[in-house]
2 protein chains.
Amino acid sequence: MSKSKIAVLVIEDEAPIRRFLKMTLTSQGYDFSEAVSGQEGMLKVASEKPDIIILDLGLPDMDGLEVTKQLREWTPTPIIVLSARGQEKDKVEALDAGADDYLTKPFGVAELMARARVALRRTMTSSNGETQSVFKFGDVEVDFVKRQVTKAGKELHLTPIEYKLLATLIKYADRVVTHNHLLREAWGSEYSGETHYLRVYMAQLRRKLEKNPAQPKYLITEPGVGYRLKVSQ
Amino acid sequence: MSKSKIAVLVIEDEAPIRRFLKMTLTSQGYDFSEAVSGQEGMLKVASEKPDIIILDLGLPDMDGLEVTKQLREWTPTPIIVLSARGQEKDKVEALDAGADDYLTKPFGVAELMARARVALRRTMTSSNGETQSVFKFGDVEVDFVKRQVTKAGKELHLTPIEYKLLATLIKYADRVVTHNHLLREAWGSEYSGETHYLRVYMAQLRRKLEKNPAQPKYLITEPGVGYRLKVSQ
DNA sequence: CCGAGTCTTTACGGAATCTTTATGCACAAC
DNA sequence: GTTGTGCATAAAGATTCCGTAAAGACTCGG
């Protein structure tokens, strides 16, 4: 399963709240990351590309509103704001600055989780991912949203392993992917060394995707190393 | 269609609040529309296709949670929930049912407006296509407002689970929906892994909807992955 | 309390997929 | 020329997954 975890970045200076959120989020299966200041937070948003940001407005180094505005200049990642101040004016300012939600401390963790799910629901279902949803080479098209492959417009059926294998090669298009790497991604880490499976499945993929399977144009063998999906030129 | 104004639908039984919202919204340049019951509200969502819905949970004729869930079966239009109950449990339930935000009465109108702007900001930027309240494939028609299914004009009875299953497949039309995803949406998260339920119910749906259930044209199996409602081509 | 409708559970034949085995080819090393 | 290694391909065997029918359990209104 190549389903990576959902990554949450918590920008919060108070250690107890950070610890608390870390416990809750990790126990619910999220990938947790933290920053203790606005500066560090913005850097981590850029470097780690979290799926959602939980931001305390009362940071020591800079105004939380300013953090929100600056983030919104370049990223649409959902931001849930936490604040000790419950005045309506504060809420309106933060929401208009680009925050997606606003919770007043002390907040209930169940509500925070529910509101995080709301924010994530949007970004997940809307098809505007940073990864292109359709990949093409030759007359083959791979639609990752539909999980469907077509060749010359005609639908093509791939088995789960064939699909994962192809998806991995596309992920590293034009680069060589080693035998073990492919085995790990398509089968699982415990299959390292079973390079024979690869030969069988690469042959199947070629039969389905290549015009002349014996002289592949796209699914290239790199002897002794692995395979490569050739798309350039 | 050249819709200049943003249309807001308010579903609320208390006249004073309705009047108040009408004043505020029209003065801010929104197109205002209202419904006094859940039934009327759902009909107006289908007929008027508002850009955003403000929904009071405490309606006389039906549970607001149920309204939210039924709307979410076919439309992604933002829903902001108003409620007199401020318990965390109520908020979580409403948000997980599909609401985009939850305000406890008495609420500040500035905050409501700000939260409406947040919800609108998201849908306006992402190119969300219009959703229809009636979905068709082959000679089958599904009316999400009446909750009624017809085949070749003849009314067809589906059990609650059959209906939810079909509604979920329609929501992700042409996309592969995994076993667990279907189980979560139609049965609930605690049913993950009970894939044999799906086999039983997919067979029932095929018997009712397909001309030749043994060779389905629309309800397609994706072995080892899930199912897909095929409507294109 | 009963019965209709619905959900849950079970069983099994068959289909699809994964795994294993076998054979042949190309090429390099010796 | 022989040998060995890595690869391609086909096909058989093993396993998992799916479709179907039917029976048992549950729910709810009357």
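Here is how names work: the chains are called A, B, and so on, in the same order as the sequence lines, proteins then strands, and each is numbered from 1.
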B:Gln39, CD atom: more than 12 neighbouring heavy atoms under 6.0 Å: no
A:Gln215 CD - D:dC7 P separation (whole Å): 18 Å
Interatomic distance, A:Gln204 atom CD to A:Leu219 atom CG [nearest 0.5 angstrom]: 12.5 Å
For atom CD of B:Glu194 and atom P of C:dC7, their distance in whole Å: 15 Å
Salt bridge (charged side-chain N to carboxylate O under 4.0 Å, His left out), paired with B:Glu12, selected from B:Lys22, B:Arg19, B:Lys105: B:Lys105
B:Trp187 side chain near C:dT8 phosphate (N/O to OP1/OP2, under 4.0 Å): yes
Distance test, side-chain N/O of A:Arg207 to OP1/OP2 of D:dA8, below 4.0 Å: no
Value in whole Å for how far the P atom of C:dC7 lies from CG of B:Leu165: 11 Å
Between C1' of D:dA8 and CD1 of A:Ile220, the distance in whole Å: 14 Å
Atom pair CG/CG of B:Asp101 and B:Leu95 - distance to nearest 0.5 Å: 7.0 Å
Euclidean distance, atom CG of residue A:Leu205 to atom P of C:dT17 [Å, nearest integer]: 13 Å
Rounded distance (Å) that lies between atom P of C:dT8 and atom CD of B:Glu190: 10 Å
Interatomic distance where OH belongs to A:Tyr197 and P belongs to D:dC7 [whole Å]: 17 Å
Separation of B:Met42 CE from B:Ile53 CD1 (nearest 0.5 Å): 10.5 Å
Distance below 4.0 Å between B:Tyr201 side-chain N/O and C:dC7 OP1 or OP2: yes
Euclidean distance, B:Leu57 CG relative to B:Arg85 CZ, rounded to 0.5 Å: 9.0 Å
Between the protein and nucleotides 11-19 of chain D, list the N/O to N/O atom pairs that are separated by less than 3.5 angstrom.
unit_1 : atom_1 : unit_2   : atom_2 : d
D:dC18 : OP1    : B:His179 : NE2    : 3.4
D:dC18 : OP1    : B:Gly224 : N      : 3.0
D:dG19 : OP1    : B:Arg206 : NH1    : 2.7
D:dG19 : OP1    : B:Arg206 : NH2    : 3.4
D:dG19 : OP1    : B:Thr221 : OG1    : 2.5
D:dG19 : OP2    : B:Tyr227 : OH     : 2.7
D:dG19 : N7     : B:Arg199 : NE     : 3.4

Given DNA chain C, 5'-ward residue of the pair A:His196 and A:Pro160, judged by closest heavy atom: A:Pro160
Between C1' of C:dG5 and NZ of B:Lys208, the distance in whole Å: 10 Å
Minimum-distance nucleotide to B:Thr159 side chain [options: C:dT8, C:dC7, C:dT17]: C:dC7
B:Gln215, CD atom: more than 12 neighbouring heavy atoms under 6.0 Å: no
